[in-house]
Amino acid sequence: MSSGNTILVVEDDDHISMALKARLQHEGYDVAIAKDAVTAVTVARQSEPKVALLDINMPGGDGFDVAKRIDRIAPGGMVRKVFITASKDPSLRQKAMDCGAVAFVEKPFTADALLAAIREAMQEEPPALFE
């Protein structure tokens, strides 16, 4: 069962997925990892994420396949999708938006750019500098 701030990271590169996990946990998010498209749906069912970070190119299918499968188990756009890719193919951005993406981030990305996309997906405001 999710705490409401779970992020599913679907990324086949171990270094990237572990770096993302460490950074996102540091930011206070719960993180679930899937290394391929097939595992992603099972992990999504178990973790009930609010946001899915979806790599576009990976084994067992692509991020678009995962987005469609997640929508079948959590209809109504309940899982917000942020696509990440190293590809420079301009058509991928539109394809991601057609799959319900709330953000599209190209690798290499900065931590700040990714966190801004996640906050937007979570519908969060950045933390206040002064309280």
Side-chain angles (χ1 to χ4, degrees):
M1 186 79 150
S2 161
S3 67
N5 74 342
T6 300
I7 299 173
L8 170 61
V9 176
V10 184
E11 169 63 61
D12 61 315
D13 184 308
D14 288 336
H15 297 294
I16 293 172
S17 63
M18 290 299 106
L20 287 171
K21 182 177 182 175
R23 180 59 189 255
L24 293 170
Q25 285 177 330
H26 178 75
E27 295 292 326
Y29 297 106
D30 294 325
V31 180
I33 302 285
K35 296 182 188 296
D36 58 55
V38 176
T39 308
V41 177
T42 301
V43 175
R45 275 194 187 106
Q46 294 168 346
S47 65
E48 300 177 11
K50 185 165 184 179
V51 172
L53 289 182
L54 303 168
D55 189 14
I56 291 178
N57 297 311
M58 68 186 118
D62 60 28
F64 305 120
D65 293 334
V66 173
K68 290 172 189 165
R69 291 177 193 160
I70 287 174
D71 281 346
R72 283 197 290 272
I73 63 168
M78 290 176 60
V79 178
R80 295 175 186 100
K81 296 170 277 301
V82 175
F83 284 85
I84 53 178
T85 186
S87 174
K88 300 300 179 199
D89 181 346
S91 69
L92 294 178
R93 181 178 297 271
Q94 184 58 51
K95 192 170 179 183
M97 297 305 155
D98 291 345
C99 283
V102 296
F104 185 89
V105 182
E106 290 183 3
K107 296 176 188 175
F109 49 79
T110 66
D112 288 343
L114 184 61
L115 288 171
I118 290 168
R119 284 190 185 107
E120 180 180 329
M122 290 275 191
Q123 298 178 345
E124 293 179 353
E125 295 298 319
L129 295 176
F130 302 97
E131 294 183 10

* Structure fact -> Of all heavy-atom pairs linking Ala37 and Gly60, the shortest is CB-O, 3.3 Å
* Asked: Does any pair with a residue in residues 45-68 pass ring pair (Phe, Tyr, Trp, His ring centres under 6.0 Å), and if so which ones, sequence neighbours excluded?
  -> Phe64-Phe83
* Asked: Can you tell if the side chain of Val82 reaches within under 4.5 Å of the side chain of Val102, non-hydrogen atoms only?
  -> yes
* Asked: Under 4.5 Å between any side-chain heavy atoms of Leu8 and Val31, yes or no?
  -> no
* **Sidechain N-carboxylate O distance under 4.0 Å for Lys35, Glu11** => no
* Asked: About how many Å separate CD1 of Ile56 and CG of Asp65, when rounded to the nearest 0.5 Å?
  -> 11.5 Å
* Do the non-hydrogen side-chain atoms of Ile118 and Glu27 ever get within less than 4.5 Å of each other? -> no
* Asked: Can you hop from Leu53 to Val38 via hydrophobic side chains spaced under 4.5 Å?
  -> no
* To do: With side-chain contact (heavy atoms from CB on, under 4.5 Å) as the test, would you mind laying out the steps for Leu54 and Val9 before giving the verdict?
  => CA-CA 6 Å; Leu54 303 168; Val9 176; over 6 Å; no
* **Met58 side chain reached by Val66 side chain, heavy atoms, under 4.5 Å** => yes
* Asp12: what forms a side-chain hydrogen bond (donor to acceptor under 3.5 Å, both in side chains) with it, not counting sequence neighbours? -> none
* Close side-chain approach of Leu20 and Ile16, heavy atoms under 4.5 Å -> yes
* To do: Would you name the heavy atoms of Cys99 and Asp71 that are closest together and state the gap between them?
  => O-OD2, 4.2 Å
* Would you call Ile7 and Met122 a side-chain contact if the rule is heavy atoms closer than 4.5 Å? -> yes
* Asked: Would you say Leu24 and Leu115 make side-chain contact, with heavy atoms under 4.5 Å?
  -> yes
* How about Ser87 and Asp89: does a side-chain donor come under 3.5 Å of a side-chain acceptor? -> no
* Work out which heavy atom in Val51 is nearest to a heavy atom in Val79; give both atom names and the distance. => C-CG1, 4.2 Å
* **Validation row: Val10, Asp55 side chains within 4.5 angstrom (heavy atoms)** => no
* Point-to-point distance, once rounded to the nearest 0.5 Å, from CE of Met97 to NZ of Lys81 -> 11.5 Å
* How many angstroms lie between atom CD of Gln46 and atom OG1 of Thr6, to the nearest 0.5 angstrom? -> 12.0 Å
* To do: Return yes if some donor-acceptor pair links the side-chain N/O of Arg80 with the main-chain N/O of Ala121 below 3.5 Å, else return no.
  => yes
* Asked: Looking at residues at least two apart in the chain, or sitting in another chain, which of them share a ring-ring contact (aromatic ring centres under 6.0 Å, His included) with Phe104?
  -> none
* **Interatomic spacing from CD in Glu48 to CG in Asp30 - rounded to 0.5 Å** => 12.0 Å
* Where the side chain of Ser17 meets the backbone of Asp14, is there a donor-acceptor pair that is under 3.5 Å apart? -> yes
* To do: Taking all non-hydrogen atoms of both residues into account, name the closest pair between Ala34 and Thr39 and its distance.
  => CB-C, 4.1 Å
